[in-house]
Amino acid sequence: MRAVTLLLCLLATSVSAQEVDEASGLIKADGWQLVRIHCGGCHSHKLVTGQRADRQTWLAIIRWMQATQNLWQFDDATEKGILDYLAANYAPQSDRRRAPIPPQLMPPRPAVDSGD
Ligand code: HEC
């Protein structure tokens, strides 16, 4: 039992210990070199590492840059590698700034809505 606990502790430590590339600030995980190569030419990698998004939103950001900012097209494997990496390492997180509250969940605004 003690051995199992120890093993779990070791596993937890190795999973949470992220290695970060000093030059770019990118988390060194599968696919990070693709993002280093393709995503730092026009702006700092910090624009990438500061962003959190799900896979679909990352794709939308890429499509937006391709449509309006001269970002080049990727072959399928490259695009998949980039998206896998971004979705895995820069996903939305609950401990960051919260998402905006949807308007229908906001309290009424008496001062504005009372009409006087
Ligand atoms: C060809 C140039 C170019 C390349 C290469 C490029 N981007 Fe961008 N990207 C831009 C420009 C221009 C902006 C807008 C910058 C600004 O608003 O200051 C931008 C903005 C962004 C933003 C901020 C979007 C927002 O809503 O504020 C993110 C995130 C981003 N890029 C991620 C990436 C990722 C990931 C890659 C690699 C797949 C990448 N960029 C590669 C040109 C590029």
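When a ligand or atom number is given, it counts from 1 through the structure's own listing order. Just the heavy atoms: all of them, side chains too, but no hydrogens, waters or symmetry mates, feed the values below.
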May I have the list of side-chain donor-acceptor pairs in residues 39-46 shorter than 3.5 Å, sequence neighbours left out?
unit_1: S44; atom_1: OG; unit_2: K46; atom_2: N; d: 2.8
unit_1: H45; atom_1: NE2; unit_2: R36; atom_2: O; d: 3.0

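In this structure, the salt bridge (Lys or Arg N to Asp or Glu O under 4.0 Å) partners of D84, at least two apart in sequence or on a different chain, are R55, K80.
Under the 4.5 Å side-chain heavy-atom criterion for grouping Ile, Leu, Val, Met, Phe, Trp and Tyr, I37 is not connected to I61 through any hydrophobic cluster.
Listed by chain and number, the hydrophobic cluster partners of M106 are I101, L105, where partners are ILVMFWY side chains within reach of under 4.5 Å, directly or through others.
Atoms CG and CD, from L59 and Q66 in turn, are 8.0 Å apart once rounded to the nearest 0.5 Å.
Distances from atom 8 (Fe) of ligand 1 to the protein include at least one heavy-atom value under 4.0 Å. There is no protein heavy atom less than 4.0 angstrom from atom 18 (O) of ligand 1.
A donor-acceptor pair under 3.5 Å is formed between the side chain of W58 and the backbone N or O of A53.
Aromatic ring orientation, W72 versus H38: tilted (interplanar angle from 30° to 60°).
Close approach of ligand 1 to N70 is summarised as follows: ligand atoms under 4.0 Å from at least one heavy atom of the residue are 1 (C).
Here the protein contributes H43 NE2, M65 SD as N, O or S atoms under 2.8 Å from atom 8 (Fe) of ligand 1.
Taking 4.0 Å as the cut-off between side-chain N and carboxylate O, E79 and R63 count as a salt-bridged pair.
Between T49 and Y90, some side-chain heavy-atom pair lies under the 4.5 Å cut-off.
When heavy-atom distances to ligand 1 are checked against a 4.0 Å cut-off, L86 comes that close only through its side chain, counted from C-beta outward.
Scanning all protein heavy atoms for the shortest distance to atom 14 (C) of ligand 1 gives W64 CH2, 3.8 Å. At the top of the distance list for atom 24 (C) of ligand 1, counting protein heavy atoms only, stands Q51 NE2, 4.0 Å.
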